[in-house]
Trainee: 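Quick one: this structure, given as structure tokens, is what I'll be asking you about.
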Amino acid sequence: MTQSAPTVDVSDVPEKQGSSARWWALGVIALAQLMVVLDATIVTIALPFAQRDLHISDGNTQWVLTAYTLIFGGLLLLGGRLADYLGRRKIFMIGLVGFAAASALAGLAQTGAQLFAGRGLQGAFAALLAPAALSLLSVTFTETKERARAFAVFAGISAGGAAIGLIAGGALTEYASWRWTLLVNTPIAILALVGAFVFVLKDVPLPRTGGYDVPGAITVTLGLIGIVYGFSRAAEHGWTDASTLGLLIAGVALLAAFVFIEARTANPLLPLRIPGEINRGGALLAALLIPIAMFAMFLFLSFYLQNVLGYTPLKAGVAFLAFPAGIAISAGATSALLPKFGPRPLMIVGAALGVLGLLLLAQLSYGDSFATSVLPAQFLIALGMGPLFVGMQAVALHQVDEADSGVASALLNAAQQVGGAVGTALLTTISVQAAKDYVAANPGIDNLVAKASIHSYDVAFYVGAGFFAVAIPIIAFMIRDKPENLIEGAEDGVKIPAHV
């Protein structure tokens, strides 16, 4: 996607821009990144309230999450190319304006369809913001030590955004309204826009060497929407319904058309050589599979904590804190062990911990407590996430040509977003059907609704454990990078990708 390293117009500001101005620019960029990252989870705690207010069915509730992550992931590669060719600062500011408007539309929605449309628009503008933000960071900080500090701040915000989103969503839902989990983005985006005018450097766009591969962007996005919508229809009408099958077949056909287009276009959105290398291909498959279970698990646990255990929204958000704690511990340990053992054994251990954690979580039954049944499983899964995500990033971006660094980074991010969207839709469909079957098989028992809900969550957790298990042989057979290869790459210096 990127043909050369990012450039910046330093003719009028470089040396005149003091250190404090650069750090103010970092604050602006980091604020935008935090908004994008936490918006994938901030509405999770608010979902039961939005569902009741807007009369959204159980099968369609997942669209509040998947409309955002699906469009975000589907358009991320195109957003990176637009930032390269039209200017990163310009695309960053367009993304902020659009994100503010889309957030207002979603927050003021009066129907489920309006909420889904607003969330989809948020995802589209996030696909402009995310690649532009990281690229601006790389051209703003050119001195080695300052760049390392800036990227450490950026990475910390990216890693903690999901947990911050859950807590912020709980607090806003409890003390204001579920609508403010969306409306809060509008003033934040406007503040970041003003900051961008004042502090963010203007950059010189790359020379345009080809088109934007709009057919590729359209086919991959529509293909993914077809598959996710097919899963959603299955929850209401069954897997053998003609509309369900038609959507799934159309989605697969469009994805096949996307591969065909990418193989033949002169300026592909996704050069197939990038996922074609066996190590990177294994990392990207893992990045697609792991979030299938992870995103859906956040959704089901949110419903369990609030609808079954009766937690307030804020208490439910705080109950997720075991995840960032466990990930921080395991990610730190993985970073120290990676040069010695390489990514493969560490990632296998991480996936195995994910399997065990989800199997433990699938034992939930009526009357269980959070401390004994949920917390240990949460922490176990979180310990597995550190090796998986650190390993995936190391392998997916290792030995990538400089011209391909941007698209490789974007592809890793896109795989995670798409996996999360598809997984939320698939596991929601499976859980809805499991609840219906449980009610039909157990009429008249006490606490039927709560017991049926817990049974449906357990089924989804079992399926999620299966996706973790499938990732294990993929990691074992496809990821072959040796520890010395990673060390050699580190000695060559860190290459900052043009966009994430």
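Note that these values count all heavy atoms, side chains included, but never hydrogens, waters or copies made by symmetry.
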Trainee: Which pair of heavy atoms, one from Gly79 and one from Leu128, lies closest together, and at what distance?
Mentor: CA-CD2, 4.0 Å
Trainee: How long is the gap from CD1 on Ile71 to CG on Leu75, to the nearest 0.5 Å?
Mentor: 6.0 Å
Trainee: Of the non-hydrogen atoms in Met347 and Ala286, which two are nearest, and what is the gap between them?
Mentor: CE-CB, 4.4 Å
Trainee: Are Gln306 and Ser302 linked by a side-chain donor-acceptor pair shorter than 3.5 Å?
Mentor: yes
Trainee: Can you measure from CZ (Phe72) to CD (Gln122) and round to the nearest 0.5 angstrom?
Mentor: 11.5 Å
Trainee: Is any side-chain N of the basic residue among Arg119 and Asp39 closer than 4.0 Å to the acidic one's carboxylate O?
Mentor: yes
Trainee: So do the side chains of Leu305 and Lys315 get within less than 4.5 Å of each other, counting heavy atoms only?
Mentor: no
Trainee: Out of the candidates Leu70, Leu255, Leu254, only one should pair with Ile227 under the side chain to side chain contact (heavy atoms under 4.5 Å, CB included) rule; please name it.
Mentor: Leu255
Trainee: OH of Tyr229: more than 12 outside heavy atoms within 6.0 angstrom?
Mentor: no
Trainee: Before you tell me yes or no, could you show the steps for Gln416 and Phe389 under side chain to side chain contact (heavy atoms under 4.5 Å, CB included), namely the whole-Å CA-CA distance, both residues' side-chain angles and the distance that decides it to 0.1 Å?
Mentor: CA-CA 10 Å; Gln416 293 171 356; Phe389 283 106; 3.8 Å; yes
Trainee: Taking the six-membered ring for Trp, are Phe298 and Phe320 ring centroids under 6.0 Å apart?
Mentor: yes
Trainee: Is a side-chain N or O of Thr69 found less than 3.5 angstrom from the main chain of Leu65, in a donor-acceptor match?
Mentor: yes
Trainee: Tell me the closest heavy-atom pair linking Ala130 and Leu76, and the distance in Å.
Mentor: CB-CD1, 4.2 Å
Trainee: Keeping Thr429 on the side-chain end and Phe231 on the backbone end, is there a donor-acceptor pair under 3.5 Å?
Mentor: yes
Trainee: Nearest 0.5 angstrom please: Ile188 CD1 to Leu183 CG, how far?
Mentor: 11.0 Å
Trainee: Tell me, do Asn60 and Ser57 make a side-chain contact under 4.5 Å, heavy atoms counted?
Mentor: yes
Trainee: With side chains defined as the heavy atoms from C-beta onward, is the minimum distance between Phe467 and Ile290 less than 4.5 Å?
Mentor: no
Trainee: Between Phe116 and Ile56, is any pair of side-chain heavy atoms under 4.5 Å apart?
Mentor: yes
Trainee: Determine yes or no for a side-chain-to-main-chain donor-acceptor pair under 3.5 angstrom, with Thr181 supplying the side chain and Trp178 the backbone.
Mentor: yes
Trainee: Cation-pi check for Phe49 against Arg52: NZ or CZ below 6.0 Å from the six-membered ring centre and within 45 degrees of the axis, yes or no?
Mentor: yes
Trainee: Can you find a heavy atom in the side chain of Leu361 that is under 4.5 Å from one in the side chain of Leu301?
Mentor: yes
Trainee: Indicate yes or no: at least one non-hydrogen side-chain atom of Arg88 is less than 4.5 angstrom from one of Phe92.
Mentor: no
Trainee: Taking all non-hydrogen atoms of both residues into account, name the closest pair between Ala460 and Phe300 and its distance.
Mentor: CB-CE1, 3.3 Å
Trainee: Between Leu78 and Ala217, what is the shortest heavy-atom contact and its length?
Mentor: CD2-CB, 3.7 Å
Trainee: Going by the angle between their ring planes, with limits at 30° and 60°, are Trp24 and Phe199 parallel, tilted or perpendicular?
Mentor: parallel
Trainee: With no hydrogens and no angle check, is any side-chain donor or acceptor of Thr219 less than 3.5 Å from a backbone partner on Pro215?
Mentor: yes
Trainee: Tell me, do Phe125 and Leu96 make a side-chain contact under 4.5 Å, heavy atoms counted?
Mentor: no
Trainee: Considering all heavy atoms of both residues, which atom of Ala132 and which atom of Ile91 are nearest to each other, and what is their separation?
Mentor: CB-CG2, 4.3 Å
Trainee: Can any side-chain N or O of Gln110 pair as donor or acceptor with the backbone N or O of Leu108 at less than 3.5 Å?
Mentor: yes
Trainee: Is there a side-chain contact between Leu166 and Leu321, using heavy atoms and a 4.5 Å cut-off?
Mentor: no
Trainee: Only one of Leu426, Thr428, Val432 passes side chain to side chain contact (heavy atoms under 4.5 Å, CB included) with Ile430; say which it is.
Mentor: Leu426
Trainee: Taking atom types as modelled, is there a side-chain donor on Glu174 or Thr312 under 3.5 Å from an acceptor on the other?
Mentor: yes
Trainee: Do the side-chain N and O atoms of Gln51 and Thr61 include a donor-acceptor pair separated by under 3.5 angstrom?
Mentor: yes
Trainee: For Ala50, is there any backbone N or O sitting under 3.5 Å from a side-chain donor or acceptor partner on Arg179?
Mentor: no
